[in-house]
Number of protein chains: 2
Amino acid sequence: MSQTAGARQLQRLKTRRALLDAALALLEEQSLGSLGLREVARAAGVAPTAFYRHFRDIEDLGIALVDEALENLHATVRSTLATSGDAEQRMSTAVELMAALVRAYPAHIRFIVRERHGGVRRVREAVTGQLDAFAREVAENLALDPLGAGWSRDDLLMLAKLYVDHMVMTASAFLAAALEDNEWDAVSRTALRQLRLIHAGRVHWTPAGPAAGA
Amino acid sequence: MSQTAGARQLQRLKTRRALLDAALALLEEQSLGSLGLREVARAAGVAPTAFYRHFRDIEDLGIALVDEALENLHATVRSTLATSGDAEQRMSTAVELMAALVRAYPAHIRFIVRERHGGVRRVREAVTGQLDAFAREVAENLALDPLGAGWSRDDLLMLAKLYVDHMVMTASAFLAAALEDNEWDAVSRTALRQLRLIHAGRVHWTPAGPAAGA
DNA sequence: GAAGATAGGTGACAGTTGTTCACTGACTAC
DNA sequence: GTAGTCAGTGAACAACTGTCACCTATCTTC
(Lines give C-alpha, C1' and ligand atoms only; values in the text may rest on other atoms or scores of the structure.)
Protein backbone atom coordinates (compact mmCIF):
# COMPACT_ATOMS: atom_id res chain seq x y z
CA MET A 1 0.00 0.00 0.00
CA SER A 2 1.00 3.60 0.24
CA GLN A 3 2.14 3.13 3.83
CA THR A 4 5.17 0.99 3.09
CA ALA A 5 8.42 2.58 1.95
CA GLY A 6 8.50 2.03 -1.82
CA ALA A 7 11.49 3.25 -3.76
CA ARG A 8 9.11 5.29 -5.90
CA GLN A 9 7.53 7.22 -3.05
CA LEU A 10 10.93 7.65 -1.49
CA GLN A 11 12.36 9.39 -4.51
CA ARG A 12 9.21 11.47 -4.76
CA LEU A 13 9.57 12.70 -1.20
CA LYS A 14 13.22 13.41 -1.80
CA THR A 15 12.45 15.67 -4.73
CA ARG A 16 9.67 17.37 -2.83
CA ARG A 17 12.08 18.06 0.02
CA ALA A 18 14.64 19.40 -2.44
CA LEU A 19 12.05 21.83 -3.79
CA LEU A 20 11.00 22.98 -0.33
CA ASP A 21 14.58 23.38 0.82
CA ALA A 22 15.57 25.24 -2.32
CA ALA A 23 12.62 27.57 -1.83
CA LEU A 24 13.53 28.17 1.81
CA ALA A 25 17.08 29.01 0.86
CA LEU A 26 15.96 31.45 -1.82
CA LEU A 27 13.43 33.01 0.54
CA GLU A 28 16.22 34.10 2.81
CA GLU A 29 16.76 37.08 0.54
CA GLN A 30 13.39 37.62 -1.08
CA SER A 31 9.70 37.19 -0.45
CA LEU A 32 7.40 34.48 -1.69
CA GLY A 33 5.67 36.74 -4.19
CA SER A 34 8.86 37.36 -6.11
CA LEU A 35 9.87 33.72 -6.10
CA GLY A 36 9.84 32.04 -9.50
CA LEU A 37 8.83 28.48 -10.22
CA ARG A 38 11.77 27.99 -12.54
CA GLU A 39 14.08 29.58 -10.01
CA VAL A 40 13.08 27.06 -7.37
CA ALA A 41 13.32 24.11 -9.74
CA ARG A 42 16.75 25.22 -10.89
CA ALA A 43 18.00 25.55 -7.31
CA ALA A 44 16.56 22.15 -6.48
CA GLY A 45 18.29 20.59 -9.46
CA VAL A 46 15.19 19.40 -11.27
CA ALA A 47 13.45 20.38 -14.48
CA PRO A 48 10.85 23.16 -14.23
CA THR A 49 8.09 20.77 -15.17
CA ALA A 50 8.90 18.48 -12.26
CA PHE A 51 7.63 21.25 -10.01
CA TYR A 52 4.09 20.60 -11.18
CA ARG A 53 4.21 17.01 -9.95
CA HIS A 54 4.33 18.38 -6.40
CA PHE A 55 2.72 21.81 -6.33
CA ARG A 56 0.14 23.60 -8.41
CA ASP A 57 2.09 26.86 -8.21
CA ILE A 58 4.33 28.87 -5.93
CA GLU A 59 1.43 29.84 -3.71
CA ASP A 60 0.74 26.15 -3.12
CA LEU A 61 4.34 25.56 -2.16
CA GLY A 62 4.09 28.54 0.20
CA ILE A 63 1.17 26.97 2.02
CA ALA A 64 3.11 23.73 2.39
CA LEU A 65 5.91 25.74 3.96
CA VAL A 66 3.47 27.40 6.34
CA ASP A 67 2.23 24.03 7.52
CA GLU A 68 5.74 22.78 8.00
CA ALA A 69 6.98 25.88 9.80
CA LEU A 70 4.01 26.25 12.08
CA GLU A 71 4.16 22.62 13.10
CA ASN A 72 7.55 23.38 14.62
CA LEU A 73 6.30 26.61 16.13
CA HIS A 74 3.29 24.88 17.59
CA ALA A 75 5.49 22.30 19.26
CA THR A 76 7.45 25.12 20.86
CA VAL A 77 4.29 26.86 22.01
CA ARG A 78 3.00 23.65 23.58
CA SER A 79 6.32 23.03 25.31
CA THR A 80 6.21 26.56 26.64
CA LEU A 81 2.70 26.18 27.95
CA ALA A 82 3.49 22.81 29.47
CA THR A 83 6.43 24.19 31.43
CA SER A 84 5.92 23.96 35.16
CA GLY A 85 7.47 26.08 37.86
CA ASP A 86 7.02 29.64 38.98
CA ALA A 87 6.38 32.52 36.60
CA GLU A 88 10.02 33.53 36.37
CA GLN A 89 11.10 30.06 35.38
CA ARG A 90 8.36 29.71 32.81
CA MET A 91 9.21 33.02 31.19
CA SER A 92 12.89 32.28 30.88
CA THR A 93 12.29 28.82 29.43
CA ALA A 94 9.84 30.42 27.01
CA VAL A 95 12.60 32.68 25.71
CA GLU A 96 15.10 29.84 25.64
CA LEU A 97 12.75 27.60 23.70
CA MET A 98 12.18 30.37 21.20
CA ALA A 99 15.92 30.92 20.83
CA ALA A 100 16.44 27.20 20.27
CA LEU A 101 13.71 27.12 17.65
CA VAL A 102 15.23 30.01 15.74
CA ARG A 103 18.63 28.37 15.87
CA ALA A 104 17.21 25.08 14.62
CA TYR A 105 14.99 26.43 11.82
CA PRO A 106 16.02 29.97 10.94
CA ALA A 107 14.71 29.78 7.38
CA HIS A 108 11.28 28.56 8.46
CA ILE A 109 10.98 31.25 11.11
CA ARG A 110 12.11 33.96 8.74
CA PHE A 111 9.51 32.77 6.27
CA ILE A 112 6.73 32.97 8.85
CA VAL A 113 7.74 36.41 10.09
CA ARG A 114 8.01 37.71 6.54
CA GLU A 115 4.87 36.21 5.08
CA ARG A 116 2.72 37.04 8.09
CA HIS A 117 2.28 40.44 6.50
CA GLY A 118 3.45 39.39 3.05
CA GLY A 119 2.01 40.04 -0.36
CA VAL A 120 0.49 36.63 -1.09
CA ARG A 121 -3.03 36.63 0.27
CA ARG A 122 -3.69 32.94 0.86
CA VAL A 123 -0.32 32.39 2.50
CA ARG A 124 -0.74 35.45 4.67
CA GLU A 125 -4.15 34.24 5.78
CA ALA A 126 -2.77 30.78 6.49
CA VAL A 127 -0.14 32.28 8.79
CA THR A 128 -2.42 34.71 10.60
CA GLY A 129 -5.05 32.02 10.95
CA GLN A 130 -2.60 29.70 12.65
CA LEU A 131 -1.25 32.45 14.89
CA ASP A 132 -4.80 33.29 15.93
CA ALA A 133 -5.30 29.64 16.79
CA PHE A 134 -2.16 29.80 18.93
CA ALA A 135 -3.57 32.85 20.69
CA ARG A 136 -6.77 30.98 21.48
CA GLU A 137 -4.75 28.05 22.77
CA VAL A 138 -2.71 30.35 24.98
CA ALA A 139 -5.87 32.04 26.21
CA GLU A 140 -7.37 28.70 27.24
CA ASN A 141 -4.22 27.96 29.12
CA LEU A 142 -4.25 31.34 30.84
CA ALA A 143 -7.79 30.64 32.01
CA LEU A 144 -6.52 27.65 33.97
CA ASP A 145 -3.97 29.74 35.82
CA PRO A 146 -5.06 31.13 39.22
CA LEU A 147 -3.92 34.55 37.99
CA GLY A 148 -6.61 34.37 35.32
CA ALA A 149 -9.44 34.12 37.81
CA GLY A 150 -12.07 36.77 37.23
CA TRP A 151 -10.77 37.63 33.77
CA SER A 152 -13.26 37.81 30.94
CA ARG A 153 -12.77 35.64 27.89
CA ASP A 154 -12.04 38.77 25.92
CA ASP A 155 -9.37 39.97 28.31
CA LEU A 156 -7.67 36.59 28.29
CA LEU A 157 -7.59 36.68 24.53
CA MET A 158 -6.17 40.17 24.37
CA LEU A 159 -3.39 39.10 26.74
CA ALA A 160 -2.79 35.95 24.72
CA LYS A 161 -2.48 38.02 21.54
CA LEU A 162 0.04 40.21 23.28
CA TYR A 163 2.05 37.11 24.16
CA VAL A 164 1.86 35.70 20.64
CA ASP A 165 2.85 38.98 19.04
CA HIS A 166 5.70 39.28 21.47
CA MET A 167 6.80 35.77 20.58
CA VAL A 168 6.90 36.60 16.88
CA MET A 169 8.71 39.88 17.44
CA THR A 170 11.25 38.10 19.60
CA ALA A 171 11.80 35.51 16.90
CA SER A 172 12.36 38.32 14.43
CA ALA A 173 14.82 39.99 16.77
CA PHE A 174 16.76 36.75 17.13
CA LEU A 175 16.96 36.46 13.36
CA ALA A 176 18.25 40.00 13.04
CA ALA A 177 20.93 39.45 15.67
CA ALA A 178 24.25 38.19 14.36
CA LEU A 179 24.39 34.51 15.17
CA GLU A 180 27.64 34.43 17.11
CA ASP A 181 27.60 37.83 18.70
CA ASN A 182 26.61 38.92 22.16
CA GLU A 183 23.71 40.58 20.38
CA TRP A 184 21.97 37.27 20.76
CA ASP A 185 22.13 37.52 24.55
CA ALA A 186 20.95 41.10 24.41
CA VAL A 187 17.85 39.99 22.54
CA SER A 188 17.24 37.27 25.12
CA ARG A 189 17.53 39.66 28.01
CA THR A 190 15.31 42.30 26.43
CA ALA A 191 12.65 39.73 25.57
CA LEU A 192 12.75 38.33 29.06
CA ARG A 193 12.40 41.73 30.70
CA GLN A 194 9.50 42.55 28.43
CA LEU A 195 7.82 39.33 29.49
CA ARG A 196 8.43 40.24 33.13
CA LEU A 197 6.89 43.64 32.60
CA ILE A 198 3.82 42.14 30.95
CA HIS A 199 3.62 39.65 33.76
CA ALA A 200 3.74 42.44 36.32
CA GLY A 201 0.91 44.12 34.47
CA ARG A 202 -1.02 40.89 34.53
CA VAL A 203 -0.60 40.51 38.28
CA HIS A 204 -1.79 44.05 38.93
CA TRP A 205 -4.46 44.11 36.27
CA THR A 206 -7.92 45.33 37.18
CA PRO A 207 -10.20 43.45 34.79
CA ALA A 208 -13.20 45.64 35.54
CA GLY A 209 -12.31 48.85 33.78
CA PRO A 210 -10.00 51.79 33.37
CA ALA A 211 -10.80 53.93 36.39
CA ALA A 212 -10.05 51.43 39.15
CA GLY A 213 -6.60 52.55 40.19
CA ALA A 214 -4.69 51.39 43.24
CA MET B 1 15.84 79.11 -9.33
CA SER B 2 14.69 75.72 -8.28
CA GLN B 3 12.66 77.17 -5.44
CA THR B 4 10.01 78.92 -7.55
CA ALA B 5 7.17 76.94 -9.06
CA GLY B 6 8.18 76.42 -12.70
CA ALA B 7 5.79 74.63 -15.00
CA ARG B 8 8.57 72.16 -15.76
CA GLN B 9 9.25 71.20 -12.16
CA LEU B 10 5.53 71.07 -11.55
CA GLN B 11 4.98 68.48 -14.24
CA ARG B 12 7.97 66.58 -12.96
CA LEU B 13 6.56 66.39 -9.46
CA LYS B 14 3.21 65.40 -10.84
CA THR B 15 4.70 62.43 -12.67
CA ARG B 16 6.74 61.47 -9.67
CA ARG B 17 3.60 61.49 -7.56
CA ALA B 18 1.79 59.42 -10.17
CA LEU B 19 4.55 56.83 -9.98
CA LEU B 20 4.50 56.73 -6.19
CA ASP B 21 0.72 56.51 -6.07
CA ALA B 22 0.62 53.81 -8.71
CA ALA B 23 3.19 51.84 -6.75
CA LEU B 24 1.25 52.25 -3.52
CA ALA B 25 -1.91 51.00 -5.19
CA LEU B 26 -0.16 47.98 -6.65
CA LEU B 27 1.51 47.24 -3.32
CA GLU B 28 -1.86 46.71 -1.75
CA GLU B 29 -1.85 43.19 -3.15
CA GLN B 30 1.81 42.36 -3.52
CA SER B 31 5.18 43.10 -2.00
CA LEU B 32 7.86 45.45 -3.21
CA GLY B 33 10.15 42.69 -4.39
CA SER B 34 7.63 41.42 -6.90
CA LEU B 35 6.80 44.87 -8.20
CA GLY B 36 7.90 45.55 -11.76
CA LEU B 37 9.24 48.80 -13.12
CA ARG B 38 7.08 48.51 -16.22
CA GLU B 39 4.09 47.59 -14.14
CA VAL B 40 4.39 50.77 -12.12
CA ALA B 41 4.98 52.94 -15.18
CA ARG B 42 1.96 51.41 -16.92
CA ALA B 43 -0.27 52.03 -13.90
CA ALA B 44 1.02 55.59 -13.66
CA GLY B 45 0.31 56.20 -17.34
CA VAL B 46 3.87 56.92 -18.41
CA ALA B 47 6.43 55.18 -20.57
CA PRO B 48 8.71 52.67 -18.83
CA THR B 49 11.74 54.83 -19.50
CA ALA B 50 10.18 57.81 -17.78
CA PHE B 51 10.60 55.84 -14.57
CA TYR B 52 14.37 56.30 -14.80
CA ARG B 53 14.03 60.07 -14.70
CA HIS B 54 12.80 59.73 -11.11
CA PHE B 55 14.18 56.53 -9.62
CA ARG B 56 17.19 54.36 -10.27
CA ASP B 57 15.13 51.21 -9.75
CA ILE B 58 12.24 49.80 -7.75
CA GLU B 59 14.35 49.63 -4.62
CA ASP B 60 14.98 53.35 -4.90
CA LEU B 61 11.28 54.02 -5.23
CA GLY B 62 10.72 51.85 -2.17
CA ILE B 63 13.04 53.96 -0.09
CA ALA B 64 11.22 57.09 -1.21
CA LEU B 65 8.00 55.48 -0.03
CA VAL B 66 9.58 54.65 3.31
CA ASP B 67 10.56 58.28 3.81
CA GLU B 68 7.12 59.44 2.90
CA ALA B 69 5.30 56.93 5.06
CA LEU B 70 7.48 57.34 8.10
CA GLU B 71 7.19 61.08 7.98
CA ASN B 72 3.48 60.63 8.61
CA LEU B 73 4.10 58.01 11.25
CA HIS B 74 6.64 60.20 12.96
CA ALA B 75 4.14 63.05 13.15
CA THR B 76 1.69 60.70 14.83
CA VAL B 77 4.32 59.49 17.29
CA ARG B 78 5.23 63.04 18.20
CA SER B 79 1.59 63.98 18.65
CA THR B 80 1.15 60.98 20.89
CA LEU B 81 4.16 61.85 23.01
CA ALA B 82 3.09 65.48 23.23
CA THR B 83 -0.34 64.56 24.55
CA SER B 84 -0.92 65.85 28.04
CA GLY B 85 -3.27 64.52 30.66
CA ASP B 86 -3.28 61.42 32.82
CA ALA B 87 -2.11 58.05 31.63
CA GLU B 88 -5.57 56.85 30.66
CA GLN B 89 -6.17 59.86 28.46
CA ARG B 90 -2.78 59.58 26.81
CA MET B 91 -3.29 55.93 26.00
CA SER B 92 -6.68 56.41 24.46
CA THR B 93 -5.56 59.33 22.33
CA ALA B 94 -2.59 57.22 21.25
CA VAL B 95 -4.95 54.58 19.92
CA GLU B 96 -7.21 57.19 18.33
CA LEU B 97 -4.30 58.89 16.59
CA MET B 98 -3.15 55.56 15.24
CA ALA B 99 -6.64 54.78 13.99
CA ALA B 100 -6.83 58.15 12.28
CA LEU B 101 -3.45 57.62 10.64
CA VAL B 102 -4.47 54.25 9.26
CA ARG B 103 -7.70 55.71 7.94
CA ALA B 104 -5.84 58.58 6.29
CA TYR B 105 -2.96 56.61 4.74
CA PRO B 106 -3.86 52.94 4.62
CA ALA B 107 -1.56 52.18 1.69
CA HIS B 108 1.45 53.81 3.32
CA ILE B 109 0.87 51.96 6.57
CA ARG B 110 0.36 48.65 4.84
CA PHE B 111 3.61 49.24 2.99
CA ILE B 112 5.52 49.86 6.21
CA VAL B 113 4.04 46.86 8.02
CA ARG B 114 4.76 44.61 5.05
CA GLU B 115 8.25 45.78 4.20
CA ARG B 116 9.39 45.92 7.80
CA HIS B 117 10.15 42.23 7.42
CA GLY B 118 10.05 42.23 3.62
CA GLY B 119 12.41 40.73 1.09
CA VAL B 120 14.20 43.87 -0.08
CA ARG B 121 17.17 44.40 2.19
CA ARG B 122 17.77 48.12 1.90
CA VAL B 123 14.10 48.95 2.28
CA ARG B 124 13.76 46.64 5.25
CA GLU B 125 16.76 48.26 6.89
CA ALA B 126 15.37 51.71 6.19
CA VAL B 127 12.12 50.79 7.95
CA THR B 128 13.68 49.07 10.94
CA GLY B 129 16.22 51.85 11.27
CA GLN B 130 13.48 54.45 11.48
CA LEU B 131 11.44 52.39 13.90
CA ASP B 132 14.50 52.00 16.12
CA ALA B 133 14.87 55.77 16.04
CA PHE B 134 11.26 56.08 17.14
CA ALA B 135 11.97 53.71 20.01
CA ARG B 136 14.88 55.84 21.14
CA GLU B 137 12.72 58.92 20.91
CA VAL B 138 10.03 57.26 22.99
CA ALA B 139 12.63 56.11 25.50
CA GLU B 140 13.91 59.67 25.96
CA ASN B 141 10.38 60.76 26.57
CA LEU B 142 9.78 58.01 29.08
CA ALA B 143 12.86 59.15 30.98
CA LEU B 144 11.19 62.51 31.58
CA ASP B 145 8.14 60.91 33.12
CA PRO B 146 8.16 60.56 36.92
CA LEU B 147 7.28 56.89 36.42
CA GLY B 148 10.59 56.42 34.69
CA ALA B 149 12.63 57.50 37.70
CA GLY B 150 15.20 54.93 38.66
CA TRP B 151 14.94 53.06 35.39
CA SER B 152 18.10 52.20 33.57
CA ARG B 153 18.60 53.40 30.03
CA ASP B 154 18.34 49.83 28.87
CA ASP B 155 15.06 49.24 30.64
CA LEU B 156 13.57 52.41 29.20
CA LEU B 157 14.58 51.25 25.73
CA MET B 158 13.10 47.81 26.16
CA LEU B 159 9.81 49.39 27.24
CA ALA B 160 9.95 51.82 24.34
CA LYS B 161 10.49 48.93 21.91
CA LEU B 162 7.48 47.19 23.39
CA TYR B 163 5.44 50.32 22.74
CA VAL B 164 6.68 50.73 19.17
CA ASP B 165 6.06 47.08 18.34
CA HIS B 166 2.62 47.36 19.83
CA MET B 167 1.95 50.43 17.72
CA VAL B 168 2.89 48.61 14.53
CA MET B 169 0.87 45.53 15.44
CA THR B 170 -2.10 47.73 16.20
CA ALA B 171 -1.76 49.45 12.85
CA SER B 172 -1.70 46.04 11.18
CA ALA B 173 -4.80 44.98 13.09
CA PHE B 174 -6.60 48.10 11.97
CA LEU B 175 -5.70 47.32 8.38
CA ALA B 176 -7.00 43.80 8.70
CA ALA B 177 -10.30 44.94 10.19
CA ALA B 178 -13.04 45.66 7.69
CA LEU B 179 -13.24 49.42 7.42
CA GLU B 180 -16.90 49.93 8.25
CA ASP B 181 -17.48 47.10 10.61
CA ASN B 182 -17.57 47.01 14.38
CA GLU B 183 -14.35 45.06 14.00
CA TRP B 184 -12.67 48.43 13.96
CA ASP B 185 -13.93 49.21 17.44
CA ALA B 186 -12.91 45.78 18.64
CA VAL B 187 -9.35 46.47 17.51
CA SER B 188 -9.41 49.82 19.30
CA ARG B 189 -10.60 48.31 22.53
CA THR B 190 -8.13 45.43 22.44
CA ALA B 191 -5.24 47.77 21.71
CA LEU B 192 -6.28 50.08 24.51
CA ARG B 193 -6.55 47.29 27.04
CA GLN B 194 -3.15 45.99 26.02
CA LEU B 195 -1.71 49.44 26.59
CA ARG B 196 -3.38 49.55 29.99
CA LEU B 197 -1.89 46.22 30.90
CA ILE B 198 1.57 47.32 29.86
CA HIS B 199 1.06 50.51 31.80
CA ALA B 200 0.09 48.54 34.89
CA GLY B 201 3.27 46.53 34.48
CA ARG B 202 5.24 49.74 34.19
CA VAL B 203 3.78 51.12 37.40
CA HIS B 204 4.59 47.97 39.33
CA TRP B 205 7.91 47.28 37.67
CA THR B 206 10.91 46.53 39.81
CA PRO B 207 13.85 47.76 37.75
CA ALA B 208 16.41 46.01 39.91
CA GLY B 209 15.94 42.40 38.90
CA PRO B 210 13.73 39.37 38.73
CA ALA B 211 13.58 38.22 42.33
CA ALA B 212 12.32 41.41 43.96
CA GLY B 213 8.66 40.56 44.39
CA ALA B 214 6.09 42.58 46.36
C1' DG C 1 12.88 85.19 -30.16
C1' DA C 2 16.82 82.02 -30.69
C1' DA C 3 19.53 78.46 -28.15
C1' DG C 4 19.79 75.21 -24.90
C1' DA C 5 18.03 72.23 -21.34
C1' DT C 6 15.16 68.49 -20.17
C1' DA C 7 10.75 65.57 -19.07
C1' DG C 8 8.95 62.18 -21.41
C1' DG C 9 8.18 58.86 -25.58
C1' DT C 10 9.67 55.13 -29.31
C1' DG C 11 11.29 51.01 -30.67
C1' DA C 12 14.22 47.51 -30.06
C1' DC C 13 17.35 44.06 -27.54
C1' DA C 14 18.34 39.88 -24.93
C1' DG C 15 16.83 37.36 -21.19
C1' DT C 16 13.39 35.28 -18.20
C1' DT C 17 8.97 33.67 -16.94
C1' DG C 18 4.78 30.16 -16.55
C1' DT C 19 2.69 26.57 -19.06
C1' DT C 20 1.88 22.99 -22.63
C1' DC C 21 2.87 18.62 -24.78
C1' DA C 22 4.86 14.36 -25.97
C1' DC C 23 8.51 11.62 -24.22
C1' DT C 24 11.52 8.30 -21.40
C1' DG C 25 12.68 4.96 -18.20
C1' DA C 26 12.53 2.99 -13.68
C1' DC C 27 9.43 1.01 -10.50
C1' DT C 28 5.12 -1.72 -9.17
C1' DA C 29 1.45 -5.08 -9.40
C1' DC C 30 -0.34 -9.00 -11.33
C1' DG D 1 7.91 -11.58 -16.94
C1' DT D 2 5.05 -8.48 -18.69
C1' DA D 3 1.92 -4.52 -18.72
C1' DG D 4 0.89 -0.34 -16.58
C1' DT D 5 1.91 3.56 -13.64
C1' DC D 6 4.14 7.83 -12.94
C1' DA D 7 8.23 11.00 -11.44
C1' DG D 8 11.06 13.56 -14.09
C1' DT D 9 12.84 15.42 -18.95
C1' DG D 10 13.26 18.37 -23.16
C1' DA D 11 11.74 21.45 -26.46
C1' DA D 12 8.77 24.94 -27.64
C1' DC D 13 5.33 28.91 -27.03
C1' DA D 14 3.78 33.61 -26.05
C1' DA D 15 4.18 37.03 -22.81
C1' DC D 16 6.72 39.65 -20.00
C1' DT D 17 10.81 41.93 -17.95
C1' DG D 18 14.84 45.72 -17.34
C1' DT D 19 17.63 48.51 -20.12
C1' DC D 20 19.38 50.89 -24.14
C1' DA D 21 20.30 54.76 -27.72
C1' DC D 22 17.77 57.90 -29.98
C1' DC D 23 14.01 61.14 -30.82
C1' DT D 24 10.29 64.87 -29.63
C1' DA D 25 8.17 68.67 -27.70
C1' DT D 26 7.96 71.90 -24.32
C1' DC D 27 9.78 75.02 -21.03
C1' DT D 28 13.59 78.26 -19.60
C1' DT D 29 17.15 81.55 -20.08
C1' DC D 30 19.40 85.32 -22.09
Side-chain angles (χ1 to χ4, degrees), chain A residues 1-27 29-65 118-123, chain B residues 1-27 29-65 118-123:
Chain A
M1 303 299 274
S2 60
Q3 300 291 26
T4 52
R8 197 70 149 273
Q9 294 257 338
L10 219 75
Q11 177 57 32
R12 182 176 217 280
L13 287 182
K14 198 173 153 193
T15 302
R16 184 187 150 94
R17 191 96 290 278
L19 286 168
L20 290 170
D21 287 342
L24 277 172
L26 290 167
L27 285 170
E29 296 181 9
Q30 62 186 309
S31 54
L32 189 70
S34 64
L35 196 62
L37 174 159
R38 287 183 108 104
E39 196 181 358
V40 174
R42 196 183 313 129
V46 299
T49 45
F51 184 96
Y52 291 109
R53 300 275 179 202
H54 299 271
F55 308 102
R56 197 188 313 272
D57 50 23
I58 286 287
E59 189 174 297
D60 197 27
L61 182 153
I63 291 186
L65 282 179
V120 183
R121 170 108 65 102
R122 280 183 60 213
V123 171
Chain B
M1 305 296 272
S2 61
Q3 300 292 24
T4 53
R8 199 71 152 273
Q9 295 254 339
L10 218 75
Q11 178 57 32
R12 184 175 215 279
L13 288 182
K14 199 174 152 191
T15 302
R16 184 187 149 93
R17 190 96 292 275
L19 286 168
L20 290 170
D21 287 341
L24 277 172
L26 291 167
L27 285 171
E29 297 180 8
Q30 60 186 309
S31 53
L32 188 71
S34 64
L35 197 61
L37 174 159
R38 287 183 108 106
E39 196 181 358
V40 174
R42 195 185 314 131
V46 299
T49 45
F51 185 95
Y52 291 110
R53 300 274 179 198
H54 299 272
F55 309 101
R56 197 188 314 271
D57 51 22
I58 286 288
E59 189 173 298
D60 197 26
L61 182 151
I63 290 185
L65 282 178
V120 184
R121 170 109 63 105
R122 279 183 60 212
V123 171

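Every chain is numbered from 1, with letters handed out A, B, ... down the list of sequences. Any value given below was found using the heavy atoms of this structure, including those in side chains, with hydrogens, waters and symmetry copies removed.
- Side-chain contact check for B/V123 versus B/L65: every heavy-atom pair is 4.5 Å or farther apart.
- Between the CG atom of B/D57 and the P atom of D/dT17 there is a distance of 16 Å, given to the nearest Å.
- Taken from CG in B/L26 to CG in B/L32, the straight-line distance is 11.0 Å, to the nearest 0.5 Å.
- Side-chain N/O atoms of B/H54 include none lying less than 4.0 angstrom from OP1 or OP2 on C/dA7.
- Of the candidates C/dA7, D/dA7, D/dG10, the closest approach to any side-chain atom of A/T49 belongs to D/dG10.
- Distance check: A/H54 NE2 to A/L61 CG gives 10.5 Å after rounding to the nearest 0.5 Å.
- With sequence neighbours left out, the salt bridge (charged side-chain N to carboxylate O under 4.0 Å, His left out) criterion links A/E59 to A/R122.
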Using nucleotides 16-18 of chain C, report all nitrogen or oxygen pairs with the protein that are shorter than 3.5 Å.
from, atom 1, to, atom 2, distance (Å)
C/dT17, OP2, A/R42, NH2, 2.8
C/dG18, OP1, A/L37, N, 2.7
C/dG18, OP2, A/L37, N, 3.2
C/dG18, OP2, A/R38, N, 2.9
C/dG18, N7, A/R38, NH1, 2.5
C/dG18, O6, A/R38, NH1, 2.8

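- Pairs of residues two or more places apart, or lying in two chains, that qualify as side chain to side chain donor-acceptor pair (under 3.5 Å) and include a residue from residues 35-49 of chain B are B/Q30-B/E39.
- To the nearest angstrom, P of D/dT26 lies 19 Å from CD of B/Q9.
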Hey, what are the protein-to-nucleotides 24-27 of chain C N/O distances that come in under 3.5 Å?
from, atom 1, to, atom 2, distance (Å)
C/dC27, O2, A/R8, NH1, 2.9

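- Near DNA chain D, defined here as any heavy-atom distance below 4.0 Å, there are no residues from residues 14-27 of chain B.
- Looking at which nucleotide of DNA chain D each of B/P48 and A/G45 is closest to, the 5′-most match is held by A/G45.
- Annotation: the span from B/L35 atom CG to B/I58 atom CD1 amounts to 4.5 Å, rounded to 0.5 Å.
- Between B/D60 atom CG and D/dG18 atom P there is a gap of 14 Å when expressed in whole angstrom units.
- Using a 4.0 Å heavy-atom distance criterion, B/R53 is classed as a base contact.
- Taking atom CZ on B/F51 and atom P on D/dC20, their separation rounds to 14 Å, with Å as the unit.
- Under the side chain to side chain donor-acceptor pair (under 3.5 Å) criterion, A/D21 pairs with A/R17, sequence neighbours left out.
- By the 4.5 Å heavy-atom criterion applied to side chains, B/V46 and B/F51 are not counted as neighbours.
- Between the CZ atom of A/R12 and the C1' atom of D/dC6 there is a distance of 9 Å, given to the nearest Å.
- At least one side-chain heavy atom of B/L37 sits under 4.5 Å from a side-chain heavy atom of B/Y52.
- Separating the CZ atom in A/R56 from the CD1 atom in A/I63 is a distance of 10.0 Å, to the nearest 0.5 Å.
- Between the side chain of A/R12 and the main chain of A/A7, no donor-acceptor pair closer than 3.5 Å is present.
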